J.: 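What follows is a single structure, and I will ask about it in a moment.
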Amino acid sequence: MALIVQKYGGTSVGTVERIKNVAKKVERYRDQGHDVVVVVSAMSGETNRLIALANEIHDQPPARELDVLVTTGEQVTIALLSMALQKDGYDARSYTGAQVRILTDDAYGKARIQAIDADRIRKDLEKGRIVVVAGFQGVDEDGNITTLGRGGSDTTGVALAAALKADECQIYTDVDGVYTTDPRVVPNARRLEQITFEEMLEMASLGSKVLQIRSVEFAGKYNVPLRVLSTFEEGPGTLITVDQEETMEQPVISGIAFNRDEAKITVRGVPDMPGAAYKILGPVGEANIEVDMIVQNVSADGTTDFTFTVHKNELRKALDVLKNVAAELGAKEIQGDASIAKVSIVGVGMRSHAGVASKMFKLLANESINIQMISTSEIKISVVIDEKYLELAVRALHTGFELDRDAAAK
Ligand code: ADP
Ligand code: ASP
Ligand code: MG
């Protein structure tokens, strides 16, 4: 008998029929004698619908109230799923994040879990109950409702699994595992039997939303066996594993991630002197705007062009902050460009292979795709390109690095 935490995403609970289907899946595990804790997301589209309502009332909805609003989505699904289980004759209890006492800090909209009181859940499990917990939400020390960021139900699932020392955390979603890249963009993408935490962390942070990045961090830190599976079809899914020894057969590239959510800012003609980068990025950081890639280049005339990326939602705010800074610095002009995309190749195999970057650049050149920015780490290479070439780039890299399903079958 095992203790299993199962998380079901928005599509998996998107209709009443689907909620009944989830109940049946949970019941099958219970019938096998396992203890089951279920985490659910809001019905698909619901969180977006609630955010849109808030935006109709207020152009910058107060963060505390927005969290109160969006957490209602998950409160609906926990209650409905518990009812479905009870209708089938199973003892089930639903709990919001605050009821469990998933304690977080007070950073509304992106709160971090600090502690989970697992006692109540354990008591219910001892009584033979199925416990259904609302994903994506917690409560701060003062009792305010918080949320964990978009896609945060994954993190609730993994954090509960860690707190309960569960035997496995199963993430049920609308694809049957983690693929070499988003299968909706590359139909030829291949399901991975397994992927290391390290690679999954990069994939998630570079834009693969199949798992929220914090859930992978949690699973790695607390050694939670984590598996991504389909709600709609049977199968082994993908196991996220602790880093394996690199073998000869290790593919150089395990996956390709991409992100359409970033925008590029260029400050042109900055006098080349100590402190310039700090003067530009200092105020941006103070305005709580996260910066991702940064490139700076000195030209022959003694000025530098300073380019960096931020989230698209924060482009306007960043440009506003920079207006004053640029004048102070004597920079010539500031440009914002929201029509960019970031494409990244990820793989621990890169450590032991040379020439991966040049192969990537050649594959993009073959498609006449211009690279605007580059950044690398030990196990990833990212480039910024024009958004309109994103799908072309991902497909060319996927084929070029022999990730296509057909290529593997040969
Ligand atoms: P859920 O609502 O179940 O949390 P999400 O929409 O958050 O589901 O995540 C699943 C989606 O992630 C898939 O439908 C797929 O389009 C997308 N995705 C992006 N990259 C990958 C990848 N490498 N492997 C699998 N799915 C991916
Ligand atoms: N419902 C939340 C969202 O849409 C959390 C989740 O689905 O994981 O982001
Ligand atoms: Mg998700």
Side-chain angles (χ1 to χ4, degrees), residues 6-14 18 22 38-52 66-67 69-78 96-97 109-111 133-138 146-160 169-195 199-216 227-232 235 237-238 240 253-261 343-347 390-391 394 397-398 403 405:
Q6 300 186 329
K7 177 259 170 177
Y8 292 90
T11 321
S12 309
V13 294
R18 287 183 173 178
V22 165
V38 190
V39 173
V40 282
S41 294
M43 295 166 87
S44 59
E46 178 63 5
T47 310
N48 287 344
R49 187 185 74 85
L50 293 168
I51 292 172
L66 192 59
D67 277 0
L69 176 70
V70 293
T71 47
T72 59
E74 274 73 8
Q75 192 165 337
V76 170
T77 45
I78 53 169
T96 63
K110 52 180 174 191
V133 179
F136 174 57
Q137 54 181 262
T146 57
T147 63
L148 311 178
R150 296 307 303 268
S153 299
D154 297 334
T155 301
T156 307
V158 176
L160 273 175
C169 180
Q170 304 173 337
I171 306 286
Y172 285 94
T173 183
D174 53 8
V175 279
D176 65 345
V178 177
Y179 277 66
T180 45
T181 192
D182 190 338
R184 291 184 207 291
V185 170
V186 180
N188 225 346
R190 188 157 40 88
R191 182 177 58 82
L192 298 163
E193 285 290 316
Q194 48 182 56
I195 181 169
E199 289 170 321
M200 193 63 235
L201 209 53
E202 285 287 359
M203 291 282 280
S205 76
L206 295 168
S208 291
K209 67 167 185 168
V210 61
L211 284 175
Q212 197 201 32
I213 177 163
R214 284 185 188 168
S215 72
V216 188
R227 196 181 282 279
V228 176
L229 302 134
S230 164
T231 305
F232 306 105
T238 300
I240 323 296
I253 300 302
S254 298
I256 299 176
F258 51 85
N259 186 349
R260 294 184 175 94
D261 295 338
V343 183
S344 312
I345 57 175
V346 175
L390 174 64
E391 296 195 2
V394 175
L397 294 171
H398 200 267
L403 295 174
R405 198 165 1 142

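Every number for a ligand or one of its atoms is a count from 1 in the order of the listing. Bear in mind that the values here come from a model prediction, so they are computed numbers and not experimental data.
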J.: Just to verify, what does D67 make a side chain to side chain donor-acceptor pair (under 3.5 Å) with, not counting sequence neighbours?
T.: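 With sequence neighbours excluded, D67 shows a side chain to side chain donor-acceptor pair (under 3.5 Å) to T147, given in chain and number order.
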J.: I'd like to check which ligand 2 atoms, numbered from 1 as shown, lie under 4.0 Å from a non-hydrogen atom of S41.
T.: 6 (C), 7 (O), 8 (O)
J.: Report, in ascending order of atom number, the atoms of ligand 2 lying under 4.0 Å from any heavy atom of G151.
T.: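 Reading through ligand 2 atom by atom, the close ones are 3 (C), 5 (C), 6 (C), 8 (O), 9 (O).
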J.: Going by the rule side chain to side chain donor-acceptor pair (under 3.5 Å), which residues pair with S12 if we only count those two or more places apart in sequence or in a different chain?
T.: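 Per chain and number, S12 pairs via side chain to side chain donor-acceptor pair (under 3.5 Å) with T231.
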J.: Please could you name the atoms of ligand 2 that S153 approaches to less than 4.0 Å, counting only its heavy atoms?
T.: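 What qualifies from ligand 2 is 5 (C), 6 (C), 8 (O).
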J.: Hey, is G73 one of the residues with a heavy atom under 4.0 angstrom from ligand 2?
T.: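 Outside the 4.0 Å threshold, so no.
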J.: Could you tell me which non-hydrogen atom of G73 sits nearest to which non-hydrogen atom of L50, and how far apart they are?
T.: N-CD1, 4.0 Å
J.: Between E391 and R184, does any side-chain N to carboxylate O distance fall below 4.0 Å?
T.: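 No salt bridge links E391 with R184.
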J.: Decide whether the shortest distance between a heavy atom of Q212 and an atom of ligand 2 is less than 4.0 Å.
T.: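 No; Q212 lies far enough from ligand 2 that no heavy-atom distance drops under 4.0 Å.
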J.: Run the side-chain contact (heavy atoms from CB on, under 4.5 Å) test against N48 and tell me which residues pass, sequence neighbours left out.
T.: R150
J.: Which atoms of ligand 2 have any heavy atom of R150 under 4.0 Å away?
T.: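 Atoms satisfying the 4.0 Å criterion: 3 (C), 4 (O), 9 (O).
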J.: Going by atom types alone, do Q212 and T155 pair a side-chain donor with an acceptor below 3.5 Å?
T.: yes
J.: Give the protein residues with at least one non-hydrogen atom closer than 4.0 Å to an atom of ligand 1, ordered by chain and number.
T.: K7, G9, G10, T173, D174, V175, G177, V178, Y179, T181, D182, P183, R184, M203, S208, K209, V210
